[in-house]
Chemist: 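Here you go, one structure.
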Amino acid sequence: MLLKKEIFKKDAVELARFLLGREIQYNNCRGIIVETEAYKSDPASHAYKITPRSRIMLDSYGKWYIYFVYGMFFCLNITTNEGEPGAVLIRAVQPIDGIEAMEKRRKTTELLNLCSGPGKLCTAFGITKGLNGTDLNEKIFLRHCNKLGKFEIGKSSRIGISSGKELEWRFFVKNSPFVSKVK
DNA sequence: TACTGGATTCACT
DNA sequence: GTGAATCCAGTAA
């Protein structure tokens with residue numbers, strides 16, 4: 001069952017937890033989300049200072065926000081809103097379908113290394129900036145899924161914190177070998 | 001118009 | 001553990 005756009009009219013941190021274990025699909029590739037990171041209006045976030053690029057977070061919820069970093073990688077976020085602009089970064093995915101295509105794009109056959117990072121999963125799925133601003137379930141789909149069964153949620157401090165506070169806004173599926181290797 | 005640095009990854013030591 | 005690869009949004013002038 002597809003996730004409804006209305007669900008994203010909520011707090012980014014709550015949604016980051018909620019998205020774990022859901023299925024993501026683009027073209028013929030599918031995977032289960034195993035790691036997410038919440039971004040709200042704090043100094044480390046694009047939502048802190050709204051610019052033409054990040055305006056989508058202010059104006060919408062349930063839209064894909066995709067941007068380019070370090071000259072070579074894309075990051076996939078979904079916008080959230082409960083009065084305050086925010087987004088959830090999809091950091092890692094467990095591949096289930098379209099693995100051959102992912103291997104080709106990622107130039108590796110190591111299953112654990114296909115989607116275990118924000119840049120990696122965009123490369124594996126073939127997601128680029130062209131999809132920025134598209135609606136949920138327009139091209140990239142999110143579904144309810146129970147393939148993981150019951151799982152424990154781990155949390156840790158967000159990477160790239162600049163507010164000084166240790167915000168525990170990074171969530172992952174405990175014991176999953178598919179999460180990113182970043183500390 | 002010109003500079004700066006990043007929500008990363010990979011190859012190398 | 002360190003540094004290179006590489007583009008473009010944001011900022012300052």
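Lettering follows sequence order; numbering is per chain, from 1.
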Chemist: Provide, to the nearest angstrom, the distance between the CG atom belonging to A/N132 and the C1' atom belonging to C/dC8.
Modeler: 13 Å

Chemist: Between A/K129 and A/M72, name the one whose nearest nucleotide on DNA chain C is closer to the 5' end.
Modeler: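 Residue closer to the 5' terminus by nearest nucleotide: A/M72.
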
Chemist: Pair up each side-chain donor or acceptor in residues 83-102 of chain A with any protein partner under 3.5 Å, not counting sequence neighbours, and list the distances.
Modeler:
unit_1: A/E84; atom_1: OE2; unit_2: A/S41; atom_2: N; d: 3.4
unit_1: A/R91; atom_1: NE; unit_2: A/E35; atom_2: OE2; d: 3.0
unit_1: A/R91; atom_1: NE; unit_2: A/E37; atom_2: OE1; d: 3.4
unit_1: A/R91; atom_1: NH1; unit_2: A/E37; atom_2: OE1; d: 3.1
unit_1: A/D97; atom_1: OD2; unit_2: A/R30; atom_2: NE; d: 2.9
unit_1: A/D97; atom_1: OD2; unit_2: A/R30; atom_2: NH2; d: 2.8

Chemist: Between the side chains of A/Y65 and A/H46, does any donor sit under 3.5 Å from an acceptor?
Modeler: yes

Chemist: Quick check: does any side chain N or O of A/R106 sit under 3.5 Å from a backbone N or O of A/N113, one acting as donor and the other as acceptor?
Modeler: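 Yes, because the side chain of A/R106 sits within donor-acceptor range (under 3.5 Å) of the backbone of A/N113.
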
Chemist: For residues 96-123 of chain A, which residue pairs qualify under ring pair (Phe, Tyr, Trp, His ring centres under 6.0 Å), counting only residues two or more places apart or in two chains?
Modeler: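 Every candidate ring pair (Phe, Tyr, Trp, His ring centres under 6.0 Å) pair involving residues 96-123 of chain A fails, so no pair, neighbours aside, qualifies.
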
Chemist: Please list all pairs meeting ring pair (Phe, Tyr, Trp, His ring centres under 6.0 Å) that have one or both residues in residues 87-117 of chain A, counting only residues at least two apart or in different chains.
Modeler: none

Chemist: In whole Å, I'd like the distance from the CD atom of A/E37 to the C1' atom of B/dT8.
Modeler: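 It is 12 Å, rounded to the nearest whole Å.
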
Chemist: On DNA chain C, does the nearest nucleotide to A/G71 precede the nearest nucleotide to A/P52 from the 5' side, or the other way round? Give the residue.
Modeler: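 Upstream on the strand: A/G71.
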
Chemist: Counting side-chain heavy atoms from C-beta on, which of B/dT8, C/dA9, C/dC8 comes nearest to A/R53?
Modeler: C/dA9

Chemist: With A/I78, which of A/L3, A/I66, A/L136, A/I140 fulfils side chain to side chain contact (heavy atoms under 4.5 Å, CB included)?
Modeler: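 Among A/L3, A/I66, A/L136, A/I140, the one meeting side chain to side chain contact (heavy atoms under 4.5 Å, CB included) with A/I78 is A/L136.
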
Chemist: Would you confirm whether A/R158, through its side chain, and A/E168, through its main-chain N or O, come within 3.5 Å as a donor-acceptor pair?
Modeler: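 Checking the backbone N and O of A/E168 against the side chain of A/R158, no donor-acceptor pair under 3.5 Å is found.
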
Chemist: For the hydrophobic clusters of this structure (ILVMFWY residues joined by side-chain heavy atoms under 4.5 Å, transitively), does one cluster hold both A/V69 and A/L131?
Modeler: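 No; tracing contacts between hydrophobic side chains, which count when under 4.5 Å, never links both residues.
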
Chemist: Using the C1' atoms only, state how far B/dA7 lies from C/dG1, rounded to an integer number of Å.
Modeler: 22 Å

Chemist: A/S116 side chain to A/S180 main-chain N or O, any donor-acceptor pair under 3.5 Å?
Modeler: no

Chemist: Measuring only the C1' atom in each nucleotide, how far is B/dG5 from C/dG3? A whole number of Å is fine.
Modeler: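 My reading of the C1' atoms in B/dG5 and C/dG3 gives 15 Å.
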
Chemist: Could you give the OH-to-P distance, from A/Y48 to B/dA7, as a whole number of Å?
Modeler: 15 Å

Chemist: How many Å lie between OH on A/Y70 and P on B/dT9, as a whole number?
Modeler: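 Answer to the nearest Å: 10 Å.
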
Chemist: Roughly how many Å is it from CZ in A/F74 to C1' in B/dT9, rounded to a whole number?
Modeler: 14 Å

Chemist: What's the NZ-C1' distance between A/K107 and B/dT9, to the nearest Å?
Modeler: 13 Å

Chemist: Under 4.0 Å from any atom of DNA chain C, heavy atoms only: list the residues of residues 90-97 of chain A that qualify, in numerical order.
Modeler: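 Nucleic-acid contacts, sorted: none.
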
Chemist: Please state how far atom CD in A/E35 lies from atom C1' in B/dT8, giving the value in whole angstrom units.
Modeler: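 Rounding to the nearest Å, CD of A/E35 and C1' of B/dT8 are 13 Å apart.
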
Chemist: Check whether any side-chain heavy atom of A/F178 lies under 4.5 Å from a side-chain heavy atom of A/L112, and answer yes or no.
Modeler: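 A side-chain contact exists here, since the closest heavy-atom pair is under 4.5 Å.
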
Chemist: Under 3.5 Å, which N/O atoms of the protein pair with N/O atoms of nucleotides 10-12 of chain B?
Modeler:
unit_1: B/dC10; atom_1: OP1; unit_2: A/R106; atom_2: NH1; d: 2.8
unit_1: B/dC10; atom_1: OP1; unit_2: A/R106; atom_2: NH2; d: 3.1

Chemist: Can you name the side-chain contact (heavy atoms from CB on, under 4.5 Å) partners of A/S60, sequence neighbours left out?
Modeler: A/I56, A/K63, A/T79

Chemist: Where each pair must be Watson-Crick or G-U wobble with both distances under 3.5 Å, what dot-bracket representation of DNA chain B is obtained, with crossing pairs in [ ] and other-strand partners as |?
Modeler: ||||||.|||||.

Chemist: What is the minimum heavy-atom distance between A/V173 and A/L148, and which atoms define it?
Modeler: CG2-CD1, 4.0 Å

Chemist: Going by the rule side-chain contact (heavy atoms from CB on, under 4.5 Å), which residues pair with A/C122 if we only count those two or more places apart in sequence or in a different chain?
Modeler: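 Result, side-chain contact (heavy atoms from CB on, under 4.5 Å) vs A/C122: A/F74, A/L76, A/I127.
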
Chemist: Can you tabulate the close N/O pairs, meaning under 3.5 Å, that link protein atoms to atoms of nucleotides 11-13 of chain C?
Modeler:
unit_1: C/dT11; atom_1: OP1; unit_2: A/K49; atom_2: NZ; d: 3.4

Chemist: Should A/L20 and A/L167 be regarded as members of a common hydrophobic cluster, given that ILVMFWY residues are connected when their side-chain heavy atoms come within less than 4.5 Å of each other, either directly or indirectly?
Modeler: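 Yes; tracing contacts between hydrophobic side chains, which count when under 4.5 Å, links both residues.
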
Chemist: What pairs meet the salt bridge (Lys or Arg N to Asp or Glu O under 4.0 Å) rule with one or both residues in residues 6-20 of chain A, with sequence neighbours excluded?
Modeler: A/K10-A/E14, A/D11-A/K40

Chemist: Report yes or no: is there a donor-acceptor pair, N or O only, under 3.5 Å between the side chain of A/Y67 and the base of C/dA9?
Modeler: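 By the distance-only test, no, there is no pair.
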
Chemist: Compare all side-chain heavy atoms of A/I24 with those of A/F125 and state whether any distance is below 4.5 angstrom.
Modeler: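 They are in side-chain contact.
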
Chemist: Pairs in or reaching into residues 121-140 of chain A: which pass side chain to side chain donor-acceptor pair (under 3.5 Å), with residues at least two apart or in two chains?
Modeler: A/K5-A/D135

Chemist: Base, sugar-phosphate alone, or nothing: which one does A/G119 contact when heavy atoms must sit under 4.0 Å apart?
Modeler: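 Sugar-phosphate only.
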
Chemist: May I ask you to list the residues of residues 9-17 of chain A, by number, that have any heavy atom positioned under 4.0 Å from an atom of DNA chain B?
Modeler: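 Nothing qualifies; none.
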
